[in-house]
K.L.:
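Below: one structure in structure tokens.
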Number of protein chains: 2
Amino acid sequence: MSTRDAIVAAAGDLLDEAGPEAVTLRGVAQRVGLSHNAPYKHFADKEALLAAVATAELRRRADAPRPERGEPLAILKRMLRDNVRWAVRHPARFKLTFGSWTRHDKDLGEAAHAARKRFVEAVAAAQAGGALPPGDPERVSAMLLALGHGAADLALGGHLSREGKGRADPEDLVDDLFDLLERAAPRGTP
Amino acid sequence: MSTRDAIVAAAGDLLDEAGPEAVTLRGVAQRVGLSHNAPYKHFADKEALLAAVATAELRRRADAPRPERGEPLAILKRMLRDNVRWAVRHPARFKLTFGSWTRHDKDLGEAAHAARKRFVEAVAAAQAGGALPPGDPERVSAMLLALGHGAADLALGGHLSREGKGRADPEDLVDDLFDLLERAAPRGTP
DNA sequence: ACCTGAACACCGTTCAAGT
DNA sequence: ACCTGAACACCGTTCAAGT
């Protein structure tokens with residue numbers, strides 16, 4: 001493992017263990033066993049390091065072995081539910097990956113584009129089978145991803161009622177939207 | 001205006017003008033014309049000040065005069081579109097208000113609860129008129145708010161395709177979800 | 001009750017220097 | 001090519017002291 005990779009891994013570990021405010025260049029360097037400014041030999045600044053962490057996270061999730069068996073709609077549902085579960089379980093990685101990047105990082109842009117492309121293709125496959133309503137698959141994808149993203153983010157902030165009758169997990173809301181879409185689909189349940 | 005209010009206002013202005021990283025206790029104090037640690041006489045720490053900024057923002061939006069004329073569904077649509085427009089236009093205030101609050105702030109919790117309550121009531125009114133599908137209004141509210149929140153957040157991060165055929169404004173996605181809901185409503189268009 | 005000024009530990013970043 | 005150590009400006013926070 002290169003020093004660069006070790007720095008990225010250490011930053012990711014710190015993120016998981018102690019949250020984003022614990023990810024300091026000094027702390028990362030110490031964890032790898034380097035002097036406090038060794039990271040500057042591998043990254044232009046802190047933001048570039050964080051972009052590398054986000055890129056690694058997107059690639060890791062893309063390379064994860066997925067059993068893509070079953071109906072297209074079932075595969076799509078699994079993808080979105082996985083997204084939401086990952087966001088809720090790794091809030092810091094989720095917020096970092098989908099945060100606002102002031103500078104455009106080429107690798108990060110490509111990794112994010114590839115991830116979205118896979119999702120759009122899954123939507124198109126479900127549409128082709130008549131399990132989802134027709135229309136621009138990018139548009140339907142955006143709706144699904146926005147709901148998943150928002151449900152996860154609101155849940156993380158404690159803005160989704162967790163008790164009583166209004167109780168709704170992020171995954172429940174994803175299911176609700178799929179129900180609506182199936183109802184409007186050519187082959188959907190009426 | 002009390003010193004406390006002046007500090008909150010200055011923090012909010014800094015947020016709008018230069019983003020969250022520009023909101024330092026020292027910068028806020030300087031803007032009000034106080035010494036660098038005068039804010040500590042009014043707030044326990046920086047997080048308490050930020051909670052006060054978020055609370056003020058929620059109350060300001062709640063007190064804004066709204067023409068609540070028209071059908072319940074139209075009123076509800078306007079509420080959610082306003083939310084999304086506000087989020088896109090004031091990203092820093094939006095992210096602050098709906099971020100994760102590690103400590104529970106009583107005022108902020110109450111203001112957020114009041115805002116959500118108004119929204120749930122608007123949903124219930126639209127359901128009562130048959131313009132939305134029946135079911136727990138808190139659940140339907142959560143779905144609408146999650147989609148609006150996610151669409152705004154993704155758009156702010158540049159994760160919503162802004163060009164070509166897949167182009168989708170956050171408000172477009174809100175409209176798409178309303179279309180699906182209306183289609184499933186008792187009095188909806190088939 | 002409210003404010004000031006000095007001080008501390010910490011952080012991102014830069015620079016000169018080492019191998 | 002990669003790393004170290006000193007230094008700078010900045011930040012949140014604390015403390016003793018002032019009115």
Side-chain angles (χ1 to χ4, degrees), chain A residues 1-56 92-93 95-97 99-105 107-108, chain B residues 1-56 92-93 95-97 99-105 107-108:
Chain A
M1 186 156 79
S2 71
T3 303
R4 189 195 141 99
D5 291 342
I7 292 172
V8 171
D13 291 343
L14 272 173
L15 208 53
D16 280 338
E17 293 168 18
E21 77 282 358
V23 182
T24 71
L25 285 176
R26 294 168 125 94
V28 168
Q30 190 188 12
R31 201 182 172 98
V32 182
L34 296 172
S35 77
H36 67 279
N37 64 7
Y40 281 96
K41 310 306 165 184
H42 302 271
F43 301 96
D45 53 19
K46 188 179 184 182
E47 193 184 2
L49 166 58
L50 294 180
V53 174
T55 304
R93 290 182 189 262
K95 298 207 177 196
L96 176 66
T97 305
S100 319
W101 293 98
T102 60
R103 277 204 310 271
H104 179 72
D105 183 278
D107 289 342
L108 179 55
Chain B
M1 186 156 79
S2 72
T3 303
R4 188 195 142 98
D5 291 343
I7 292 172
V8 171
D13 291 344
L14 272 174
L15 207 54
D16 281 338
E17 294 169 17
E21 78 282 359
V23 181
T24 70
L25 284 175
R26 294 167 123 96
V28 168
Q30 190 189 11
R31 202 182 173 97
V32 182
L34 296 172
S35 77
H36 67 278
N37 64 5
Y40 282 96
K41 309 306 162 182
H42 302 271
F43 301 95
D45 53 19
K46 188 178 183 180
E47 193 184 3
L49 166 58
L50 294 180
V53 174
T55 304
R93 290 181 189 262
K95 297 206 178 198
L96 175 67
T97 305
S100 318
W101 294 98
T102 59
R103 277 205 309 270
H104 180 71
D105 182 278
D107 289 342
L108 178 55

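Predicted model, so just to flag it, every value in this text is computed and none were measured. First the proteins, then the strands, lettered A, B, ... as listed; each starts at 1.
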K.L.:
How many whole angstroms separate atom CG of L34(B) from atom P of dG5(C)?
P.N.:
11 Å

K.L.:
Rounded to the nearest Å, what distance is computed from the NE2 atom of residue H36(B) to the C1' atom of nucleotide dG12(D)?
P.N.:
10 Å

K.L.:
Between N37(A) (CG) and dG18(C) (C1'), how many Å, whole number?
P.N.:
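The answer, rounded to whole Å, is 13 Å.
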
K.L.:
Taking all non-hydrogen atoms of both residues into account, name the closest pair between A48(B) and R103(B) and its distance.
P.N.:
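What the structure gives for the nearest pair is N-NH2, 4.0 Å.
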
K.L.:
Whole angstroms only, please: what is the CZ-P distance between F43(A) and dG12(C)?
P.N.:
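Atom-to-atom, F43(A) to dG12(C), this comes out as 14 Å.
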
K.L.:
Tell me which of T3(B) and R26(B) sits closer to the 5' end of DNA chain C, going by the nucleotide each one is nearest to.
P.N.:
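Here T3(B) is the residue nearer the 5' end.
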
K.L.:
Report yes or no: is there a donor-acceptor pair, N or O only, under 3.5 Å between the side chain of H42(A) and the base of dA1(D)?
P.N.:
no

K.L.:
What's the spacing between E47(A) CD and W101(A) CH2 if we round to 0.5 Å?
P.N.:
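Output value for this atom pair is 6.5 Å.
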
K.L.:
Tell me the interatomic distance from Y40(B), atom OH, to dT4(C), atom C1', rounded to whole angstroms.
P.N.:
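About 15 Å, once rounded to whole Å.
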
K.L.:
Run through DNA chain D and report every stem of 3 or more consecutive Watson-Crick or G-U pairs, distances under 3.5 Å, ordered by first number.
P.N.:
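Stem list for DNA chain D: C:4-8 with D:12-16, C:12-16 with D:4-8.
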
K.L.:
Please tell me which of the listed nucleotides, dT4(C), dT14(D), dG12(C), lies nearest to the side chain of S35(B)?
P.N.:
dT4(C)

K.L.:
Mind checking the NZ-OG spacing from K95(A) to S100(A)? Nearest 0.5 Å is all I need.
P.N.:
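It comes to 12.0 Å.
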
K.L.:
Could you state the interatomic distance from CG (D5(A)) to NE2 (H42(A)), rounded to the nearest 0.5 Å?
P.N.:
10.0 Å

K.L.:
In whole Å, what is the span from the CG atom of D45(A) to the P atom of dC10(D)?
P.N.:
18 Å

K.L.:
Kindly compute the distance separating CG (L25(A)) from CG (D45(A)), expressed to the nearest 0.5 Å.
P.N.:
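Those atoms lie 8.5 Å apart.
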
K.L.:
Counting just side-chain N and O atoms, does K41(B) come under 4.0 Å of either OP1 or OP2 of dC3(C)?
P.N.:
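Answer is no, no contact under 4.0 Å.
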
K.L.:
Atom CG of L15(A) and atom CD of E17(A): how far apart are they, to the nearest 0.5 Å?
P.N.:
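The CD atom of E17(A) is 10.0 Å from CG of L15(A), to the nearest 0.5 Å.
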
K.L.:
Enter the distance from K46(A):NZ to L50(A):CG here, rounded to the nearest 0.5 Å.
P.N.:
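Rounded to the nearest 0.5 Å, the NZ-CG separation comes out at 6.0 Å.
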
K.L.:
Using a strict heavy-atom distance below 4.0 Å, which residues from residues 9-20 of chain B are in contact with DNA chain C?
P.N.:
none

